[in-house]
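To find a chain, count down the sequence lines: A is the first, B the second, and so on, and within it residues start at 1.
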Amino acid sequence: MKIKSSLEGNTLIVNLFGDIDHHNTEIIKRYIYDNMSHSIKNIVIDLSGVEFMDSSGIGMILGRYKEMSEKMGTVSLVGIRGNMERIYTLSGLYKIIKNYDTIKNAVNSLKL
Amino acid sequence: MNKMEIRFDAVSQNESFARLAVSGFLLYKNPSVNDMEDIKMAVSEAVTNSIIHGYDDSGTVRIYCEIENDALMVEVEDYGRGIENIELARKPLYTTKPQEERSGMGFTIMEAFMDKVCVISQKDKGTKITMYKELK
C-alpha cells in the first residue's frame, strides 16, 4: 500500500494505492492524522489507484467522516468502482459520503 | 475433488496473504474476475473477524478449501474467544468494537458475496465460518 497527499486550499487530497484492509487502515488513519492541520476543512480520498477494499476501509472512511463532521467539514471519495462500490452501497455509506469520477470534480463541488 | 489447507498467525499482515492464497488455489479453474473478487472479499472479512475478535494476543487461523466440479467451499477457523450471540453478530452494522472504527458489515458482506454462509461458534473454543460458492 502506498499513500500520497497534497493540499488544495483548505482541502487535503489523499491518494491511496494498492489494497485497503484492516492491516492498512491503521496506517492510513495515522497518515491522515499526521497530515491534518486546523486550517483543513475537507478531505478528498482518492481510491482510483486502489485494487481491493473490504469493510475495514468503510470503517476507516466513516471514522474520518465523523472527525470532519465535528469540524463542520466534509469527506468525499473519488474512483469507487466494482466490489468497492457494492460494499459502499451495502453499508449505506453512499447516503452520507459522495463519490466523484475525478479529483477535479470532487474539489469543484466543494467550491459551490 | 481438490483440497487446500493453510495455517497462519492471527496477525493483520496475514490478511492479504489469506486472500491471495485462496484466489491462487482457484486459478486453475479459470474463474471469472467477478467470482475471484467476491471470494477475496469474503475471505478477507472472515479472516479479519478471526484476527480482531478471536484473540486478545496471539493465535492461529486455519483456512481449508475444497473444490468439487465447480463448487467451492471455504472454511475460515480460529480457536479463540468464540461468538456469544451469532444471530446478533450477523446483523448489519452490529459491532462489538465501534471505538476501533469497525463498520459491522463483515457477515453482511460475506452473505452478499457468497452463495451460503454457515457459522459455528463455541465460547472459548473458537469460531468456524463455512462459505460456499458455485463458480461460473
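Heavy-atom distances place no part of Leu62(A) under 4.5 Å from chain B, backbone and side chain included. Contacts between Ile109(B) and chain A at a heavy-atom distance below 4.5 Å involve backbone atoms as well as side-chain atoms. Both the backbone and the side chain of Ser16(B) come within contact range of chain A, each with at least one heavy atom under 4.5 Å from a heavy atom of that chain. In this structure, no portion of Asn14(B) lies under 4.5 Å from any heavy atom of chain A.
The cluster map of Ile, Leu, Val, Met, Phe, Trp and Tyr, joined by side-chain heavy atoms under 4.5 Å apart, puts Ile27(A) and Leu16(A) in the same cluster. Criterion: ILVMFWY side-chain heavy atoms under 4.5 Å apart, direct or through other members. Under it, Tyr94(A) and Met68(A) are part of a common hydrophobic cluster. Hydrophobic clustering, with ILVMFWY side chains joined whenever heavy atoms are under 4.5 angstrom apart, keeps Tyr64(B) apart from Ile6(B). A single hydrophobic cluster is not seen to contain both Tyr132(B) and Val43(B); linkage of ILVMFWY side chains at heavy-atom distances under 4.5 Å, directly or through other members, places them apart.
With chain B as partner, the option from Asp21(A), Ile58(A), Ile61(A) having the largest number of non-hydrogen pairs under 4.5 angstrom is Asp21(A). When each of Val47(B), Thr48(B), Val11(B) is scored by its heavy-atom pairs under 4.5 Å with chain A, the top score falls to Thr48(B). When the candidates Lys29(A), Met53(A), Lys66(A) are compared by the number of heavy-atom contacts under 4.5 Å with chain B, Lys29(A) comes out ahead.
The local environment of CZ in Arg30(A) is sparse, with at most 12 non-hydrogen atoms from other residues, nucleotides or ligands closer than 6.0 Å. The 12-atom threshold is not exceeded at OH of Tyr33(A), counting heavy atoms of other residues, nucleotides or ligands nearer than 6.0 Å. Applying the 6.0 Å contact sphere to CE of Met1(B) captures more than 12 heavy atoms from other residues, nucleotides or ligands. Within 6.0 Å of the NZ atom in Lys71(A), the count of heavy atoms belonging to other residues, nucleotides or ligands exceeds 12. Heavy-atom neighbours of Lys116(B) NZ from other residues, nucleotides or ligands within 6.0 Å: at or below the threshold of 12. Remark: Glu87(B) CD is loosely packed, at most 12 non-hydrogen atoms of other residues, nucleotides or ligands lying under 6.0 Å away.
Atoms CD and CD, on Glu100(B) and Glu26(A) in that order, are 7.5 Å from each other to the nearest 0.5 Å. The line from CD1 of Ile51(B) to NE2 of His23(A) is 10.0 Å long, rounded to the nearest 0.5 Å. Atom OG in Ser103(B) sits 11.5 Å away from atom CE in Met60(A) (nearest 0.5 Å). Interatomic distance, Leu90(A) CG to Thr108(B) OG1, rounded to the nearest 0.5 Å: 6.5 Å.
A 4.5 Å side-chain heavy-atom check between Met41(B) and Ser55(A) finds every atom pair outside the cut-off. Within the 4.5 Å cutoff, no side-chain heavy atoms of Asp19(A) are placed close to those of Glu15(B). Between Met105(B) and Ile87(A), the closest side-chain pair of non-hydrogen atoms is not below 4.5 Å.
A salt bridge is absent between Asp54(A) and Lys40(B); no separation between the charged side-chain nitrogens and carboxylate oxygens falls under 4.0 Å.
Judged by distance alone, the side chains of Thr25(A) and Glu101(B) never bring a donor and an acceptor atom under 3.5 Å apart.
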